[in-house]
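Worksheet for the structure shown next.
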Amino acid sequence: MKRSWLIKMTRAPVGALSRVIMSLPMPDAVYCELVTALFHMRLPIAGMGILFGLAGMTVYMENGVVVIGLVTAAAVVVTIARLILLTAYRREAHRTVLTVERVRQWERRYAMGSYAFAALLGAFSATVLAMHSPLDHLVAVSLIFTFGAGIVSRIGGRPRICVISLLLATVPTITALALHARNRDAGPMHTEYFVIEALLVAVVTLLSLESVRHLYRSDVERLIAKHDLADLVRQDALTGLPNRLLLRERFQNSLSVTASKDSQLAVHFLDLDGFKIINDRHGHPMGDAVLREVSVRLRSIVRSVDTVARIGGDEFIVVQEGVQHEGEAEMLARRIIKQLSAPYRLMDETISISVSIGIAMAPRHGVDLEHLTACADAALYRSKRGGKAQLYFCTQEDVANAGRAVA
């Protein structure tokens, strides 16, 4: 009967937590940030390990129970291993950008350490509560409460790890208290007090599960809002393409990759031919529709490692990574001209435009984005003078003029 009652009590909050976990879609960036937070908890992990070690050593010295000594020693070893794991993660994260799959691997390792420590704590508590020593009982239950409060506040953002760890520690404790309550020869009110204590631990566990649900939802919603705002700051509102800020970040990443592969980077400066006429003749809604369609076509042309950005008006930048020679940059530019010059069917109208392109190469023409953009802009100006749908590479004269302009 008691077991059935306990299952009914736990089923509702655990089920509610599962529904929350399943109902909150989580971007990869949010997931990685939540996992990274786990590996910045050195002090709480070390502190809980020290408390467990001191308490276990004290109880072992008083009673001489071998199981308590072994469990305590194992908990200290697990704590040291967890601290080493935290250090290893931070070193790897500092050296390189971790993929989502790699972050999942690290999370699984963290979970194993958390489960091991919680199981050892549950075993320690159950062993102590099987003895008849009120002071030792107080130490064991206090450790459980300390662990429960700490784990909910620290890793509520990863509810699966948090809940499993919490239950591994508290369920053996509740069971041991309930079993100890059956000893009716220990004194008056002995059974009643142990039943009440078992109920207290059970209720606190259920309340902790509810806290995990709330903390998880709050953390995910806050981080999603944070990342959405960060994306808005880095994206063009009309087309969804990167703006100047995100372009600069991706350019630096592409430049690093290019340097490591001993290749070049091509910066294509694009300006639409005849776009002003569209705005004047058909209005700005049509002009906006054209810009959105241009962005879609550009995305379909370039590779995933390349970057397409809108830097204002009808001007776009394409950063082409891993270029071995100018011919590759020219081939991409000609594909862009061909695709963007194809007719647009928008708002029951057929629209025709073209594009002119100026190209600068890094590191040949420099490694600063502003300087390269100025060089490509100078080449673009010559493209415009040469007629529509033309492409020109940056020259040494363009580089010199751009240097004076940027300075």
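Computation of the quantities below employed the complete heavy-atom set of this structure, encompassing side-chain atoms and omitting hydrogens, waters and symmetry-equivalent molecules.
Side-chain atoms of Phe117 and Ile45, non-hydrogen and from C-beta on, never get closer than 4.5 Å to each other. Between Leu200 and Val141, every side-chain heavy-atom pair lies at or beyond the 4.5 Å cut-off. The shortest distance between side-chain heavy atoms of Val67 and Phe124 does not fall below 4.5 Å. You'll find the side chain of Leu272 reaches within 4.5 Å of the side chain of Val294, heavy atoms only. With contacts defined as side-chain heavy-atom distances shorter than 4.5 Å, the pair Tyr115/Ile161 qualifies. Between Ile151 and Ser114 the shortest side-chain heavy-atom distance falls below 4.5 Å. For the pair Met131/Val59, a side-chain contact is recorded, criterion being any heavy-atom separation below 4.5 Å from C-beta on. Val302 has its side chain out of reach of Gln320: every pair of non-hydrogen atoms, C-beta onward, lies at least 4.5 Å apart.
We find the CG-CZ distance between Asp271 and Phe269 to be 7.0 Å, quoted to the nearest 0.5 Å. To the nearest 0.5 Å, atom CD1 of residue Ile155 and atom SG of residue Cys162 are 5.0 Å apart. Interatomic distance, Tyr110 OH to Ser165 OG, rounded to the nearest 0.5 Å: 8.0 Å. Interatomic distance, CD of Glu293 versus CG of Leu340, reported as 9.5 Å (0.5 Å rounding). To the nearest 0.5 Å, the span separating OG1 on Thr173 from CG on Leu121 amounts to 6.5 Å. Interatomic distance, CD1 of Ile351 versus CD1 of Ile278, reported as 5.5 Å (0.5 Å rounding).
Residue Met347 qualifies as enclosed at atom CE: its count of foreign heavy atoms under 6.0 Å is above 12. Enclosure of atom NE2 in His325 by more than 12 non-hydrogen atoms of other residues, nucleotides or ligands within 6.0 angstrom is indicated. No more than 12 heavy atoms of other residues, nucleotides or ligands shown are found within 6.0 angstrom of CZ on Arg91.
We find that Glu370 and Arg248 are joined by a salt bridge, their nearest charged nitrogen and carboxylate oxygen being less than 4.0 Å apart. Salt-bridge check for Glu315 with Lys384: failed, with every basic side-chain N at 4.0 Å or more from each acidic carboxylate O. Between Asp273 and Lys388 there is no salt bridge, since none of the side-chain N atoms of the basic residue sits less than 4.0 Å from a carboxylate O of the acidic one. With salt bridges taken as basic N to acidic carboxylate O contacts below 4.0 Å, one links Arg158 and Glu107.
For Tyr381 and Tyr392, the ring centers sit 6.0 Å or farther from each other.
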Going through the distances and angles, do His282 and Asn279 end up as a side chain to side chain contact (heavy atoms under 4.5 Å, CB included)? CA-CA 6 Å; His282 300 281; Asn279 274 335; over 6 Å; no
* To do: Check step by step if side-chain hydrogen bond (donor to acceptor under 3.5 Å, both in side chains) holds for Ser354 and Ser341.
  => CA-CA 4 Å; Ser354 58; Ser341 298; 4.9 Å; no
Check: Where do Arg90 and Thr36 land on the side-chain hydrogen bond (donor to acceptor under 3.5 Å, both in side chains) test, with the steps shown first?
Finding: CA-CA 9 Å; Arg90 295 174 68 175; Thr36 298; over 6 Å; no
>> Does Gln324 form a side chain to side chain contact (heavy atoms under 4.5 Å, CB included) with Gln264? I'd like the steps, not just the answer.
In response: CA-CA 6 Å; Gln324 299 299 326; Gln264 298 183 75; over 6 Å; no
Item to complete: Quick one: do Asp306 and Val319 satisfy side chain to side chain contact (heavy atoms under 4.5 Å, CB included)? Show the steps, please.
Response: CA-CA 6 Å; Asp306 300 329; Val319 178; over 6 Å; no
request  = Start with the C-alpha distance between Leu391 and His268, add both sets of side-chain angles, then the distance that settles side chain to side chain contact (heavy atoms under 4.5 Å, CB included), and finish with yes or no.
outcome  = CA-CA 9 Å; Leu391 69 92; His268 302 252; over 6 Å; no
Next item on the list: Report the C-alpha separation of Arg109 and Glu92 in whole Å, then their side-chain angles, then the decisive distance to 0.1 Å, and conclude whether the salt bridge (Lys or Arg N to Asp or Glu O under 4.0 Å) test is met.
Entry: CA-CA 14 Å; Arg109 295 171 186 173; Glu92 182 172 329; 5.5 Å; no
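At least one donor-acceptor pair under 3.5 Å links the side chain of Asn243 to the backbone N or O of Leu245. Ser125 places no side-chain N or O within donor-acceptor distance of the main-chain N or O of Gly122, the cut-off being under 3.5 Å. The backbone N or O of Ala342 lies less than 3.5 Å from a partner atom in the side chain of Arg297, making a donor-acceptor pair.
Nearest heavy atom pair, residue Met57 against residue Thr72, reads N-CG2, 4.0 Å. Between Met361 and Ala266, the shortest heavy-atom contact is SD-CB, 3.8 Å.
At least one test fails for Arg364 against the ring of Phe393: distance under 6.0 Å to the centre or angle within 45° of the axis.
Between the side chains of Thr87 and Arg42, at least one donor-acceptor pair of N or O atoms lies under 3.5 Å. Of the N and O atoms on the side chains of Thr239 and Asp236, at least one donor lies less than 3.5 Å from an acceptor on the other residue. For the 3.5 Å distance criterion, the side chains of Glu321 and Ser254 qualify, holding a donor opposite an acceptor. Using a 3.5 Å distance cut-off with no hydrogens or angles, the side chains of Arg102 and Gln105 do pair a donor with an acceptor.
For Leu138, the side chain to side chain contact (heavy atoms under 4.5 Å, CB included) partners at least two apart in sequence or on another chain are Ser142. Contacts of Tyr89 classified as ring pair (Phe, Tyr, Trp, His ring centres under 6.0 Å), with partners at least two apart in sequence or in another chain: Phe39, Trp106. The side-chain hydrogen bond (donor to acceptor under 3.5 Å, both in side chains) search around Gln252 returns none, not counting sequence neighbours.
Residue Phe316 is tested with Ile357, Ile311, Leu291, Val355 for a side chain to side chain contact (heavy atoms under 4.5 Å, CB included); the sole match is Leu291.
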